[in-house]
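Worksheet for the structure shown next.
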Amino acid sequence: MSGFNKSVLIPAGITKDFVLKYTDSANLKAILTSPTNIDYTNDRFPVSEFPDGLKIEFFDNKEGVTTVSSDYGIVYYLTRIVSLSGNVLIKSPDSTILKSEQIYWDPELEWLFSEKNIEFTSKDYSIRAKKLDADRSFKVLKTGKLDGSFLFKEKEL
């Protein structure tokens with residue numbers, strides 16, 4: 001009788017060489033690619049898992065392409081949060097780079113956050129910090145304890 005209370009997740013589908021293109025008003029906004037997608041949207045807590053990693057390219061006509069990659073990813077549909085883990089790398093069009101072992105992303109608010117160590121590098125500074133709270137463009141960036149180098153420009157009066 002030990003097997004009656006166990007819950008076994010059976011995926012709605014498994015896709016190899018997964019490619020998802022997101023468009024808005026006939027404009028390509030993003031492309032998500034992954035070697036494997038496991039779809040559990042048939043579960044009470046629906047998720048979509050990318051156990052072999054993923055890559056997302058975000059296209060912006062004004063700013064260029066932002067690339068996000070990680071060794072593992074999972075989309076939680078009820079909370080609308082994306083969890084990226086293992087060698088998370090975010091590269092913005094201006095060559096700003098963010099690295100971490102774990103980053104959460106809220107696509108609705110276009111917000112990134114993490115309680116793990118991060119490395120943030122741009123043309124003006126290199127930061128290592130204990131946590132992250134930032135908008136997608138890194139114009140609003142909050143961190144925990146900092147370690148790194150910064151370049152500041154003095155404002156002329």
Side-chain angles (χ1 to χ4, degrees), residues 7 9 11-12 15 18-25 27-153:
S7 176
L9 287 178
T15 306
F18 181 85
V19 177
L20 176 66
K21 294 181 181 181
Y22 173 71
T23 59
D24 184 15
S25 303
N27 292 318
L28 183 62
K29 295 290 185 179
I31 298 175
L32 186 155
T33 57
S34 178
T36 308
N37 170 248
I38 304 174
D39 179 353
Y40 293 106
T41 54
N42 58 336
D43 193 60
R44 282 181 290 165
F45 191 69
V47 299
S48 192
E49 184 180 20
F50 301 92
D52 301 322
L54 61 85
K55 178 181 175 185
I56 309 170
E57 292 176 289
F58 294 97
F59 301 96
D60 184 307
N61 290 337
K62 294 177 185 170
E63 295 187 23
V65 179
T66 298
T67 305
V68 178
S69 62
S70 68
D71 293 342
Y72 176 85
I74 190 164
V75 178
Y76 298 97
Y77 290 105
L78 292 180
T79 59
R80 299 179 185 225
I81 297 294
V82 178
S83 172
L84 304 168
S85 59
N87 297 307
V88 181
L89 178 66
I90 301 173
K91 268 187 178 172
S92 69
D94 66 355
S95 299
T96 299
I97 296 173
L98 177 68
K99 295 179 186 179
S100 183
E101 280 305 305
Q102 175 80 54
I103 291 182
Y104 296 98
W105 172 48
D106 182 333
E108 203 168 281
L109 297 175
E110 295 191 345
W111 207 258
L112 303 160
F113 54 98
S114 180
E115 292 292 323
K116 300 286 185 182
N117 291 338
I118 64 147
E119 283 184 46
F120 184 84
T121 308
S122 76
K123 63 181 181 202
D124 295 327
Y125 42 81
S126 176
I127 301 171
R128 287 179 300 283
K130 299 286 183 192
K131 69 183 218 175
L132 169 75
D133 195 11
D135 69 335
R136 183 175 71 102
S137 65
F138 304 119
K139 288 182 174 68
V140 176
L141 178 70
K142 298 177 186 175
T143 66
K145 184 179 175 188
L146 294 177
D147 179 18
S149 59
F150 309 86
L151 176 63
F152 294 100
K153 293 181 184 176

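Positions are given from 1, in the same order as the sequence printed here. Not measured: the values here are computed from a predicted model.
With values rounded to the nearest 0.5 angstrom, K99 atom NZ is found 11.5 Å from R128 atom CZ. L32 CG to Y22 OH: the interatomic distance, rounded to the nearest 0.5 Å, is 13.5 Å. Between the CG atom of D71 and the CD atom of E101 there is a distance of 7.5 Å, given to the nearest 0.5 Å. Once rounded to the nearest 0.5 Å, the distance linking CG of L89 with CD1 of I97 reads 6.5 Å. Annotation: the span from D39 atom CG to Y77 atom OH amounts to 6.5 Å, rounded to 0.5 Å. One distance of note links CH2 of W111 with CH2 of W105; it measures 14.5 Å at 0.5 Å rounding.
With a 6.0 Å radius and a threshold of 12 heavy atoms from other residues, nucleotides or ligands, Y104 has its OH atom at or below the threshold. When the shell of 6.0 Å around CG of N27 is examined, it contains more than 12 heavy atoms from other residues, nucleotides or ligands.
Nearest heavy atoms, T36 versus P51: O-CD, 3.6 Å. The shortest heavy-atom contact between P93 and G64 is CG-C, 3.6 Å. Considering every non-hydrogen atom in both T33 and V19, the closest pair reads CG2-CG2, 4.0 Å. Residue E57 comes nearest to T67 through the heavy atom pair CG-OG1, 4.2 Å, listed as atom of the first residue, atom of the second, then distance. In terms of heavy atoms, L28 sits closest to K21 at CD1-CB, 4.1 Å.
Side-chain contact between T121 and S126 is present, with at least one heavy-atom pair separated by less than 4.5 Å. Between S122 and D94, every side-chain heavy-atom pair lies at or beyond the 4.5 Å cut-off. Between L132 and L98, some side-chain heavy-atom pair lies under the 4.5 Å cut-off. When side chains are defined from C-beta on, I74 does not count as touching S48, because their heavy atoms never get closer than 4.5 Å.
The side-chain hydrogen bond (donor to acceptor under 3.5 Å, both in side chains) test applied to Y40 returns no partner, not counting sequence neighbours. Qualifying ring pair (Phe, Tyr, Trp, His ring centres under 6.0 Å) partners for Y76, counting only residues two or more places apart in sequence or in other chains: F45.
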Name each donor-acceptor pair under 3.5 Å that joins a side chain in residues 112-119 to protein atoms two or more places apart or in another chain, with its distance.
from: S114; atom 1: OG; to: Q102; atom 2: O; distance (Å): 2.5
from: S114; atom 1: OG; to: K116; atom 2: N; distance (Å): 3.0

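Counting only N and O atoms by type, the side chains of D52 and S34 include no donor and acceptor under 3.5 Å apart.
In this structure a side-chain-to-backbone donor-acceptor pair under 3.5 Å is missing from S83 to G73.
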